[in-house]
Protein chains: 2
Amino acid sequence: MELKVKNVKSAELKNMIIKRLYFDKALSCADMSELFDKSVPSISKAVNELMDEGFVVEQGYAPSSGGRRPLMYSLRHEAIYILTVAMDQLSTRIQIVDILNNPVAKTAITELKLLNNPSALQTLIDHINDYIFSTGIPVDKIAGIGIGMPGFINSTEGYNYTYLDSGDESLTSVITRETGVPTFIDNDSSLIALAEQKFGIAKARKDVMVINLGWGIGLGMIINGEIYRGHNGFAGEFSHIPLSEDGALCTCGKRGCLEAEASMLVVAEKAIQGIKKGHISSLKNIDINQSKMVGDAIMEAANNGDQFAIELLSDAGYKIGKALAILIHIMNPASIVLSGRGAVVGKILLAPIQQALNKYCIPRLANSTELLISDLGFNAELIGAAVLVMENFDKEIKNHLITTNQSSMEKTTKN
Amino acid sequence: MELKVKNVKSAELKNMIIKRLYFDKALSCADMSELFDKSVPSISKAVNELMDEGFVVEQGYAPSSGGRRPLMYSLRHEAIYILTVAMDQLSTRIQIVDILNNPVAKTAITELKLLNNPSALQTLIDHINDYIFSTGIPVDKIAGIGIGMPGFINSTEGYNYTYLDSGDESLTSVITRETGVPTFIDNDSSLIALAEQKFGIAKARKDVMVINLGWGIGLGMIINGEIYRGHNGFAGEFSHIPLSEDGALCTCGKRGCLEAEASMLVVAEKAIQGIKKGHISSLKNIDINQSKMVGDAIMEAANNGDQFAIELLSDAGYKIGKALAILIHIMNPASIVLSGRGAVVGKILLAPIQQALNKYCIPRLANSTELLISDLGFNAELIGAAVLVMENFDKEIKNHLITTNQSSMEKTTKN
DNA sequence: ATAACTTTTTAAATTTTTTTAATAAGTAAC
DNA sequence: GTTACTTATTAAAAAAATTTAAAAAGTTAT
């Protein structure tokens with residue numbers, strides 16, 4: 001006996017509508033007809049079914065553009081929630097957001113060391129389950145779990161080859177099984193890029209390079225409007241491109257990597273050296289035993305006008321600019337976005353970066369690339385994780401939401 | 001009175017079939033059903049219509065895979081020809097090929113200087129028209145003209161911002177008007193990449209970087225199975241990425257560009273210097289006043305085991321390898337193909353390139369990229385030009401072919 | 001204020017596509 | 001050499017999508 005789902009194409013259209021409404025908030029039938037190249041009656045039918053299923057609601061009339069006012073449809077807020085997770089080497093943030101990306105509960109922040117920590121995966125799962133329980137939101141209202149994390153990640157297959165070893169089974173499969181919610185993972189920088197392109201400063205742009213300025217230097221690439229992950233999912237390893245011939249030794253074992261020359265960690269290191277040598281600066285009272293805190297302190301000091309801090313950042317900015325020149329030559333992007341932790345000093349970095357671009361770029365290329373500073377800030381990765389879930393919104397997720405929802409999908413049995 | 005073409009979607013399917021048959025040579029209805037996610041009857045209907053229109057013929061039965069043998073369909077050879085053009089700074093090749101990319105007449109090679117030559121465009125048009133006339137192939141059997149050329153090119157709009165100035169009107173529009181055949185242009189390196197991915201060593205691979213080793217160093221990118229051209233069509237400007245801090249002066253005005261360090265022209269230049277200094281080599285009797293001929297001579301000498309030539313090429317190879325390391329970090333491609341003129345010394349370049357990759361690449365990335373040498377050689381650009389035309393095969397082209405063909409499309413008049 | 005024109009939605013008719021079933025043509029095991 | 005099982009094509013029936021037409025709800029110019 002074989003089970004067969006009917007109306008596959010119709011279900012596809014409905015998923016496309018849900019997905020689109022997540023990004024565009026509200027659309028009329030006419031809008032969607034245009035968007036999906038489907039007739040209005042087809043759209044109308046799908047929308048009505050989605051209303052019956054509880055996913056879509058009428059939102060009211062939009063202003064007329066010269067004729068009858070269009071009836072706008074949007075997603076029902078209570079139908080879909082998304083659990084988002086942003087991990088770095090040391091700490092993990094967990095959050096549940098609604099369909100407007102607004103948090104519905106306080107973000108949970110926990111210490112979770114990724115390196116050499118065999119129990120990290122179980123800890124993560126426990127934290128997620130605890131968080132879901134604490135919010136009281138039923139599991140079947142959560143469309144999916146999106147997780148951003150560092151490491152070499154194969155997003156399609158759901159593996160992280162660097163951290164959170166899950167054995168033969170994929171990481172996403174383990175978390176899906178243990179939480180009961182479809183799970184998706186991706187590289188932190190890719191998710192930041194996704195956030196910037198969907199809801200940030202690079203909104204709707206097709207070819208965007210997002211630089212994740214943090215303790216390393218990540219690169220998330222949007223190519224033809226989609227995240228580009230490369231053949232094995234390792235694209236965007238910007239941190240370790242060889243920049244100078246005999247530069248500083250990098251954690252990767254090679255010399256002259258961009259990360260070893262210009263990351264916030266290196267800036268912090270240089271600041272500590274400088275302070276030890278007696279550099280006059282508002283930083284001189286900082287605890288120099290914790291590079292990461294020094295990093296934050298430098299950025300704050302720079303924004304407050306501290307000359308020494310600005311000098312250090314400018315130096316890093318120039319090197320980043322040189323690397324960006326290479327990136328521009330290869331990719332000819334519409335925009336480059338400075339995002340991640342370092343975005344707060346974006347304005348200070350802008351001048352030296354532009355200077356490097358002028359020196360190392362063919363003018364025609366430099367001029368056709370806009371340099372932007374993120375306004376999403378620290379939230380980018382969490383928003384990106386939500387986008388990741390909704391980009392993968394398909395039959396499976398809808399079934400997960402619908403199983404304990406009101407109606408069930410039409411199925412026929414083939415005899 | 002408004003004219004409206006019916007069966008738009010059906011026409012689309014038919015174009016998809018023609019396109020696919022160009023790439024796959026022969027397919028059964030079942031194959032196409034799978035490929036296009038359409039029912040067999042839909043495919044069958046479209047194929048029968050295409051046979052009536054004279055585009056498709058039955059090709060015979062393929063071996064059975066356990067059941068009834070599939071009837072294979074292929075394109076009718078006499079229905080579609082493609083005119084391909086490959087231009088470089090000094091000379092232009094023109095050719096007409098059939099649907100199997102086989103030339104149907106001798107390739108025409110003419111001297112045509114691109115730089116500072118206001119009459120270049122008219123000369124090109126004249127040559128194309130003369131060539132078509134000389135072959136006796138009727139214009140309405142030629143699906144399109146594909147042209148590969150150097151310069152900053154916007155393939156979608158059909159402009160070349162560097163050469164062949166066509167004023168306000170697009171270059172493709174001028175040539176289409178003057179020849180009566182739909183025309184498409186693209187960057188030479190992009191077309192070489194297209195050829196390698198469709199009919200060359202990187203066949204069917206999705207993420208491929210093709211290096212066009214010639215007088216410059218070009219880069220054609222296949223991303224997600226499609227040519228990537230960047231935001232303005234300027235992507236792949238690999239020649240001018242800053243490689244060394246205070247390197248040789250480049251024609252672009254900057255220092256340390258890859259092109260200025262490792263192109264065949266530079267190798268030739270170095271050879272001339274070496275010979276003048278009395279280097280012992282089989283090259284010593286070459287005419288040192290023509291760098292380009294020296295370039296060819298060096299490649300030949302290297303392939304014959306000349307130590308000095310090999311040394312020069314190895315040096316260039318190592319620098320190319322360093323640049324490829326950067327490319328691999330950013331793109332994580334499945335394959336890198338060495339193509340263009342320099343492909344003939346690919347085997348000699350391989351070792352120093354690999355050496356550089358070992359030094360400058362994270363092992364995981366280097367290991368997941370295969371380094372290939374083109375077997376299409378000098379023909380790649382012409383084949384790519386044909387692919388460019390067929391990739392753009394759409395309603396317009398089909399109409400062009402069909403106007404003076406046997407049947408005409410069904411049209412209805414809206415009252 | 002009214003006529004003329006837009007835009008959106010709904011319902012009925014038509015077209016297109018897919019599903020189903022039947023037929024044809026082959027392979028492989030016994 | 002049957003029999004059971006695959007695979008491919010064709011034709012008729014069923015389902016789905018689009019086109020067409022009409023109605024509803026506005027805007028704008030006179």
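Quick note on labels: first sequence line is chain A, next is B, and so on, each numbered from 1.
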- Message: Could you tell me if A:Glu157 and A:Ser170 have a donor-acceptor pair between their side chains, going purely by distance under 3.5 Å?
- Response: no
- Task: Mind calculating the distance between CD1 (B:Ile43) and P (D:dT9) to the nearest angstrom?
- Result: 11 Å
- Measure the distance from CD on A:Gln59 to P on C:dT8 and round it to the nearest whole Å. 16 Å
- Is a donor-acceptor contact shorter than 3.5 angstrom present between the side chain of A:Arg68 and the base of C:dT8? yes
- Task: Send over the distance from B:Lys38 NZ to D:dA8 P, rounded to a whole Å.
- Result: 20 Å
- Note on the structure: Looking only at C:dT19, C:dT9, D:dA8, the nucleotide nearest the B:Pro41 side chain is C:dT19
- Kindly give the heavy-atom pair with the smallest separation between A:Ile227 and A:Ala193, and that separation in Å. CD1-CB, 4.3 Å
- For atom CE of B:Met51 and atom P of D:dT9, their distance in whole Å: 11 Å
- Message: Centroid separation under 6.0 Å, is that true for the rings of B:Tyr22 and B:Phe199?
- Response: yes
- Query: Which of the following nucleotides, C:dT9, D:dT9, D:dT18, is nearest to the side chain of B:Ala30?
  - Reply: D:dT9
- Rounded distance in Å - CG (A:Leu35) to C1' (C:dT8): 17 Å
- Query: Salt bridge or not for B:Glu78 and B:Lys141, using N-O below 4.0 Å?
  - Reply: no
- Message: Please compare A:Tyr73 and B:Val40 by the position of their nearest nucleotide in DNA chain C and report the one closer to 5'.
- Response: A:Tyr73
- Message: With a 4.0 Å cutoff (strictly under), does any side-chain N or O of A:Ser64 reach OP1 or OP2 of D:dG26?
- Response: no
- Options D:dA17, C:dT8, C:dA11, nucleotide nearest the side-chain atoms of A:Lys45: D:dA17
- Between C:dT9 (C1') and A:Asn48 (CG): distance, integer Å: 11 Å
- Message: Between P on C:dT17 and CG on A:Leu13, what's the gap in Å once rounded to a whole number?
- Response: 17 Å
- Message: Just to be sure I understand the rule, does A:Ser42 reach a base, reach only the sugar-phosphate, or reach nothing, if contact means heavy atoms closer than 4.0 Å?
- Response: base
- Task: Please determine, by modelled atom types, if A:Ser42 and A:Ser39 share a side-chain donor-acceptor pair under 3.5 angstrom.
- Result: yes
- Note on the structure: A:Arg69 CZ to D:dA24 C1', in whole Å, measures 12 Å
